[in-house]
Amino acid sequence: MKSKINDIIVNFLKHKGINERISYVIEYPKQEEFGDYSTNVAMVLSKRLKKKPHDIAKEFVEFAKDSTLFKNIDIAGPGFINFYINELAIFDEIKLIANNINDYFRPNVNQKKIQVEFVSANPTGPLHIGHGRGAAIGDSIARILRFVGHKVETEYYINDAGLQMRMLGLSTFIRYKQLLGIDENLPEDGYQGEYLVDIAKDIMVEYGDALLNKNEDEAISICQEKAGNVILKDIIDTLKTFRVKFDVFFNEKKLYDSKEVDASIEFLKDKGYIYEKDGAIWFKSTIFGDDKDRVLRKSNAAYTYFASDIAYHKNKFISRNFDEVIDIWGADHHGYVKRMKSAAEALGVDSNKLKIILVQIVNLLRDGQKVSMSTRKAQFVELKDVLKEVGVDAARFMFLSRSVDSHLDFDLEVAKKQTSENPVYYVQYAYARIRNIFRQLDKEYGYDNIDLEKLKSKEEIDLAKSLIKFKDFIIKSEEELEPYFITKGLLEIAEKLHKFYNRIRVIGSNEIKERLFLLNSVAGVIKLGFDLIGVEAKEKM
RNA sequence: GCGCCCGUAGCUCAGCAGGACAGAGCAACGGACUUCUAAUCCGUGGGUCAGAGGUUCGAAUCCUCUCGGGCGCGCCA
């Protein structure tokens, strides 16, 4: 619908001899009395054509008045052009939706090969609620991009080569020794969580006290591997219940084993972006706008994370040839963005192809008090416990009901209530109400010979409009990589459905066929929206 | 100290390539179930868009400063 209006505007511009792009907007007016759509094009053209906005608007109305799309076009305020859509045109759109939902809502895009990397939590402890938000966002973005028609691969990056994993092994080994009666305390920066005691018990079952006889380095390595595997499996299980699936798990270690880290440094060196100072190897990220140069290999010959991250992104872009890579990080990594983009440029990759989404923190509240979270200190609420308490649907919807860059307050006490305070029920209920009507039909009603002109009430027309508008929400969510537009669109449809349901009867009415036809499309669109955010459409509630 | 993000209704947030009287949900208050599920609907109240300047015909939106909050600034990971 929007694009049809845009076509008319573009024709008008051509008619006025303007062929280049002009930055006007077509929007939904805030007030209903200003029509269904509105454009500021007359005001934008005012300066250029040296005419009053009002006069340009008049010319436009004259130009467009023959279109069957509108029942009226108004000029209002300082020169807004307001469009009132013809009901027939609205229901023509509904027919298109009914004909093929996916075709109708899939925007035209050039297919790209896109990787979405998210969660990527080190397997040093269970996932907490903050990871849940990243998981919900990453997974939904992947679903949306896939729906739109891109080739999408989701990936989880495991930092299994660094000191953190070593610390995990050491902490587990100490727990193991404690179980065997050896008095030794965890180091200050060790992992305190109880889950390591359980893992240590498993190790004891498997090895008895044999690890004590091995050299410490080897014993820690065994513990590290065991703990890492157990925790990773736990993470994967949790993600699975959360309906999040990864196509690829990528190990950092692999980048070292395959010498890709060295190769990346060589690659940059050949281009002249590398120098040595104080016994360390540096990357000249300042040429690409970073605040300072960054160390890749320390003077003690150990590589920094940044070195393996460069190799990782070289692997993504060059070895695996992704057209676009989306990294989803926690907001506390924002200082890392410029660095990573510099690295992309240095690798010869247009840094616009690397999209980094910073997901703002989730504030967890318990009894109104903020709970601070730290994996190391084991002060956190596990994602899997939250899922058990509030359910997958509620959790996903809540994570996706705010824009990515706004803080999210997740109050456990409220979330646990499972009352109507949670908007997911509002939408699910709308769907269930429709399904319920269909279940109670006394016979099959075909949709041949239907006369949609019979749907005259405001409730029916508004409901139909909300479906058409949903397309804009999909486009926006895809363009801005913001799944919350989907939840927003769903809430709007649900609102119109409930209003309809309260005022209009379906079963027993003269318009039953037409209304069922409309409701069938509504249910289909809600189902589509739910699919895009990974929420279940319930038949009954 | 430097840099980034943010400050909109009691609470949580939309709106921010400048435009029409500032929006939604929740909470509060008052109504609507012999009806396809009231997990719903209808109505009411509630805001000097942190503050001060500036640009503009027009600023929540752009610029500057102030105040307040969060985060990042390592040869850490």
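Throughout, a chain's letter reflects where its sequence line sits, starting with A, and its residues are numbered from 1.
- Donor-acceptor pairing under 3.5 Å is recorded for the side chains of A:E155 and A:Y312.
- Pairing each heavy atom of A:L196 with each of A:A227, the nearest pair is CD2-CB, 4.4 Å.
- Listed nucleotides B:G72, B:C75, B:U40 differ in distance to A:Y429; the shortest reach to its side chain belongs to B:U40.
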Show each protein N/O and nucleotides 6-9 of chain B N/O combination with a separation under 3.5 Å, one pair to a line.
none

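- For B:A32, the glycosidic angle deviates from 0 by more than 90°, giving an anti base.
- Residue whose closest nucleotide on RNA chain B sits further toward the 5' end, between A:L163 and A:R439: A:R439.
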Each nucleotide N or O in nucleotides 19-24 of chain B that has a protein N or O under 3.5 Å away: list the pair and distance.
from: B:A20; atom 1: N6; to: A:S38; atom 2: OG; distance (Å): 2.9
from: B:A20; atom 1: N6; to: A:N82; atom 2: OD1; distance (Å): 3.2
from: B:A20; atom 1: N1; to: A:N82; atom 2: OD1; distance (Å): 3.2
from: B:A20; atom 1: N1; to: A:N82; atom 2: ND2; distance (Å): 3.1
from: B:C21; atom 1: N4; to: A:E33; atom 2: OE2; distance (Å): 3.3
from: B:G23; atom 1: OP1; to: A:Q31; atom 2: NE2; distance (Å): 2.8

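- Remark: A:R294 pairs with A:D290 by the salt bridge (Lys or Arg N to Asp or Glu O under 4.0 Å) rule, at least two apart or across chains.
- By the side chain to side chain donor-acceptor pair (under 3.5 Å) test, A:R515 is found to be paired with A:E460, A:S509, A:E511, residues two or more places apart in sequence or in another chain being considered.
- A:I73 and A:A64 make their closest contact through CD1-CB, 3.9 Å (heavy atoms, listed as atom of the first residue, atom of the second, distance).
- As a whole-Å value, the separation of A:M398 CE from B:C13 P is 12 Å.
- Judged by distance alone, the side chains of A:Y191 and A:Q164 do bring a donor and an acceptor atom under 3.5 Å apart.
- Heavy atoms of A:K540 sit under 4.0 angstrom from at least one base atom.
- Taking only side-chain atoms of A:R433, from C-beta outward, the nucleotide of B:C71, B:A38, B:A14 with the closest atom is B:A38.
- Residues A:Y24 and A:N6 have side chains that bring a donor and an acceptor to within less than 3.5 angstrom of each other.
- Classification of B:C33 as syn follows from a glycosidic angle within 90° of 0.
- The side chain of A:Y426 approaches B:U40 more closely than any other nucleotide in the set B:U40, B:G15, B:A39.
- Map A:Y24 and A:K338 each onto its nearest nucleotide of RNA chain B; the residue landing nearer the 5' end is A:K338.
- For the salt bridge (Lys or Arg N to Asp or Glu O under 4.0 Å) test, no residue two or more places apart in sequence or in another chain qualifies with A:D309.
- Residue A:H334 is in base contact, counting any heavy-atom pair closer than 4.0 Å across all strands shown.
- Under 3.5 Å, the side chains of A:Y425 and A:D393 contain no donor-acceptor pair of N or O atoms.
- The side chain of A:Y484 contributes an N or O atom lying less than 4.0 Å from OP1 or OP2 of B:G15.
- Residue contacts for A:A432: at a heavy-atom cut-off of 4.0 Å it reaches a base atom on one of the strands shown.
- For A:K458, the salt bridge (Lys or Arg N to Asp or Glu O under 4.0 Å) criterion is met by A:E32, A:D462, not counting sequence neighbours.
- For A:K488 and B:A14, the shortest distance from a side-chain N or O to OP1 or OP2 is not below 4.0 Å.
- Legend: residues meeting salt bridge (Lys or Arg N to Asp or Glu O under 4.0 Å) with A:R503, ordered by chain and number and at least two apart, are A:E459.
- For the side chain to side chain donor-acceptor pair (under 3.5 Å) test, residues two or more places apart in sequence or in another chain that qualify with A:E117 are A:S120, A:K316.
- A donor-acceptor pair under 3.5 Å links the side-chain atoms of A:T304 to the main chain of A:V295, judged by distance alone.
- RNA chain B lies under 4.0 Å from at least one heavy atom of each of the following residues of residues 274-283 of chain A: A:K277, A:D278, A:A280, A:W282.
- With sequence neighbours left out, the side chain to side chain donor-acceptor pair (under 3.5 Å) criterion links A:N352 to A:D350.
- For A:F249 and A:Y156, the ring centers sit closer than 6.0 Å to each other.
- In this structure, A:K443 satisfies the cation-pi test against A:Y445, with its NZ or CZ atom closer than 6.0 Å to the six-membered ring centre and inside 45 degrees of the ring normal.
- For A:S299 against B:C75, a side-chain N or O and a base N or O form a donor-acceptor pair under 3.5 Å.
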Pairing annotation in dot-bracket form, given for RNA chain B with Watson-Crick or G-U pairs under 3.5 Å and | for cross-strand partners: ((((((((.[[[[.).......]]]].(((((.......))))).....(((((.......))))))))))))....
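- The two residues A:W282 and A:K277 make their nearest non-hydrogen contact at NE1-O, 3.3 Å.
- Residues of residues 500-519 of chain A having a heavy atom closer than 4.0 Å to RNA chain B, listed by number: A:Y501, A:N502, A:I504, A:R505, A:V506, A:I507.
- At whole-Å resolution of the value, CZ in A:F473 and P in B:G15 are 11 Å apart.
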